[in-house]
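From a predicted model like this one, the values you see are computed outputs, not experimental measurements. Heads up: numbering here begins at 1 and tracks the sequence.
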Amino acid sequence: MSELKNDRYLRALAKQPVDKTPVWMMRQAGRYLPEYRATRSQAGDFMSLCKNAELACEVTLQPLRRYPLDAAILFSDILTIPDAMGLGLYFETGEGPKFERPVTSYADVAKIAIPDPEDELGYVMNAVRTIRRELKGEVPLIGFSGSPWTLATYMVEGGSSKTFGKIKKMAFAEPKTLHLLLDKLADSVTSYLNAQVKAGAQSLMIFDSWGGVLSPRDYEEFSLRYMHKIVDGLIRENDGRKVPVTLFTKSGGQWIEKIAATGCDAIGLDWTIDIADAKRRVGDKVALQGNMDPSMLHASPERIREEVASILAGFGHGSGHVFNLGHGITPDVDPEHAGAFINAVHELSAQYHK
């Protein structure tokens, strides 16, 4: 088993005792950091940055040089799988991701192949191996993927969407087509995440960014069912250590009992649910990750400390909490405020672990 100098994050996910609450930030390697912007301009564009193992490693490590974070997260994108399926991913300035060949019919889905993670997605595994080597056991490395439902929304809509009209039309008018797509995506995500574990990822996270746009019944049918299938197929132990998996559905607070029943180790919470309420509802069945509103990072450092104190008090004593934002840090945040946030978590949480 490779030694970790700081395993606070993995211990918290296993609900084992820790000295203080671990903290990392979604999108911690990103545009709020000037050094990230410099590396990205060196790469030329976003996907070139993802596909260059050395540069992807560099931006993964940048926030760790600035802040005492308790985990690193692979620098990549959730749309790597649809891109490897041949949909022609590109990025429009100010518009986000787009696909040249969106999925519109059963025939489109039928011809999609499940990508080989060491071939079409080999650049991701190269990045994982490079990052793991360069981390030198300082903190654990998180691997991740988008959820099948979330990936499908981009593939069917052809990019980002506000109304999700095309995918919902497919869900309700041609459910057979959508279920075939989701099934292929679940198989692809499972093999992709297992390859990340073999390459060195020590924890896994599935981002279900758009599960919250569904009704409760449709969430179970089109999103949760496929995340459950993935959880069942994941490598859960590697290198002599458990590989925990966290499921995060944005706006999914109403379904946390059902998410906990998948067998995941932790649930990511956004800021629209009270963490004390979440803990009451799921007990000690799973760990909880979250859940400060990322916009709070625009407040004064004093106000940020107050918010951190409130969330820590809401979770209360004992292990099983990984502090995070309720979604990704935004590009316009002052890096000093991010530092104040991280320091506040470590300083204020020690009292809850005595």
Hydrophobic cluster membership, with links at side-chain heavy-atom distances under 4.5 Å among I/L/V/M/F/W/Y: are [X] and [Y] in one?
X: V18; Y: L10; value: no
X: M26; Y: W210; value: yes
X: Y106; Y: M85; value: yes
X: I114; Y: I235; value: no
X: W271; Y: I273; value: no

Students often mix this up, so state it plainly: with edges at 30° and 60°, are the rings of [X] and [Y] parallel, tilted or perpendicular?
X: H321; Y: F315; value: parallel
X: W255; Y: Y219; value: parallel
X: H179; Y: F222; value: parallel

Is there a side-chain contact (heavy atoms from CB on, under 4.5 Å) between I73 and T60 once you walk through the steps?
CA-CA 7 Å; I73 182 162; T60 300; over 6 Å; no

Determine yes or no for a side-chain-to-main-chain donor-acceptor pair under 3.5 angstrom, with [X] supplying the side chain and [Y] the backbone.
X: Y9; Y: S203; value: no
X: Q289; Y: V322; value: no
X: D70; Y: V23; value: yes
X: E157; Y: P102; value: no
X: E120; Y: P117; value: no
X: Y352; Y: L348; value: no
X: K184; Y: A110; value: yes
X: Q196; Y: A201; value: no

Ion pair present between [X] and [Y], side-chain N to carboxylate O less than 4.0 angstrom?
X: E220; Y: R225; answer: no
X: D284; Y: K15; answer: no
X: E134; Y: K136; answer: yes
X: D270; Y: K250; answer: no
X: D108; Y: R101; answer: no
X: R11; Y: D19; answer: no

Quick one: is the NZ or CZ of K98 closer than 6.0 Å to the six-membered ring centre of Y90, and within 45° of its axis?
no

Determine, stepwise, if the pair M155 / I112 fulfils side-chain contact (heavy atoms from CB on, under 4.5 Å).
CA-CA 11 Å; M155 293 167 75; I112 287 173; 4.0 Å; yes

What pairs of residues pass the salt bridge (charged side-chain N to carboxylate O under 4.0 Å, His left out) test when at least one of them lies in residues 28-39, not counting sequence neighbours?
E35-R66

Does the salt bridge (Lys or Arg N to Asp or Glu O under 4.0 Å) test come out yes or no for E118 and R129, once each step is laid out?
CA-CA 12 Å; E118 285 290 357; R129 285 186 275 265; 3.0 Å; yes

Ignoring hydrogens and geometry beyond distance, is a side-chain donor-acceptor pair present between H327 and D293 at under 3.5 Å?
no

Tell me yes or no: between the side chains of T80 and D77, is some donor less than 3.5 Å from an acceptor?
no

Passes side-chain hydrogen bond (donor to acceptor under 3.5 Å, both in side chains), S147 versus T150? Steps please.
CA-CA 5 Å; S147 72; T150 292; 3.1 Å; yes

Looking at D239, V245, V243, V128, which hits side chain to side chain contact (heavy atoms under 4.5 Å, CB included) with V197?
V243

Check N324, I342, L325 against W24 for a side chain to side chain contact (heavy atoms under 4.5 Å, CB included) and give me the one that passes.
N324

Nearest heavy-atom neighbours spanning C264 and V231
N-CG1, 4.0 Å

Residue pair T153, F164: steps toward the side-chain contact (heavy atoms from CB on, under 4.5 Å) verdict:
CA-CA 7 Å; T153 64; F164 301 93; 4.1 Å; yes

With a 6.0 Å cut-off on the ring centroids, do [X] and [Y] count as close?
X: W149; Y: Y226; value: no
X: F75; Y: F46; value: yes
X: Y154; Y: F99; value: no

What's the spacing between [X] [atom1] and [Y] [atom2] if we round to 0.5 Å?
X: T130; Y: M125; atom1: OG1; atom2: CE; result: 12.0 Å
X: E237; Y: R241; atom1: CD; atom2: CZ; result: 10.5 Å
X: L4; Y: N6; atom1: CG; atom2: CG; result: 7.5 Å
X: C57; Y: L74; atom1: SG; atom2: CG; result: 10.5 Å
X: S145; Y: L193; atom1: OG; atom2: CG; result: 5.0 Å

R133: which residues meet the salt bridge (charged side-chain N to carboxylate O under 4.0 Å, His left out) condition with it, sequence neighbours left out?
none

Apply side-chain hydrogen bond (donor to acceptor under 3.5 Å, both in side chains) to H353 and T21, showing your working.
CA-CA 8 Å; H353 299 286; T21 303; 2.8 Å; yes

Run K229 and D187 through salt bridge (Lys or Arg N to Asp or Glu O under 4.0 Å) and show every step you take.
CA-CA 9 Å; K229 181 181 172 178; D187 290 344; 3.0 Å; yes

Does the pair L214 and S223 meet the rule for a side-chain contact (heavy atoms from CB on, under 4.5 Å), with working shown?
CA-CA 9 Å; L214 291 164; S223 181; 4.2 Å; yes

Show the atom names and distances, to 0.1 Å, of all donor-acceptor pairs under 3.5 Å that link a side chain in residues 297-307 to residues at least two apart or in another chain.
{"from": "S300", "atom 1": "OG", "to": "E302", "atom 2": "OE1", "distance (Å)": "3.3"}
{"from": "S300", "atom 1": "OG", "to": "R303", "atom 2": "N", "distance (Å)": "3.1"}
{"from": "R303", "atom 1": "NH1", "to": "E307", "atom 2": "OE1", "distance (Å)": "3.2"}
{"from": "R303", "atom 1": "NH2", "to": "E307", "atom 2": "OE1", "distance (Å)": "3.2"}
{"from": "R305", "atom 1": "NH1", "to": "E347", "atom 2": "OE1", "distance (Å)": "2.8"}
{"from": "R305", "atom 1": "NH2", "to": "E347", "atom 2": "OE1", "distance (Å)": "3.4"}

If you count the non-hydrogen atoms of other residues, nucleotides and ligands that lie under 6.0 Å from NZ in K5, is the total more than 12?
yes

For R65, does the CZ atom have more than 12 heavy-atom neighbours from other residues, nucleotides or ligands under 6.0 Å away?
yes

Would D265 and R236 satisfy salt bridge (Lys or Arg N to Asp or Glu O under 4.0 Å), going step by step from the backbone distance to the final call?
CA-CA 10 Å; D265 298 282; R236 301 295 282 278; 2.9 Å; yes

Mind running salt bridge (Lys or Arg N to Asp or Glu O under 4.0 Å) on E257 and R281 for me, showing each step along the way?
CA-CA 7 Å; E257 294 89 346; R281 286 165 55 194; 2.8 Å; yes

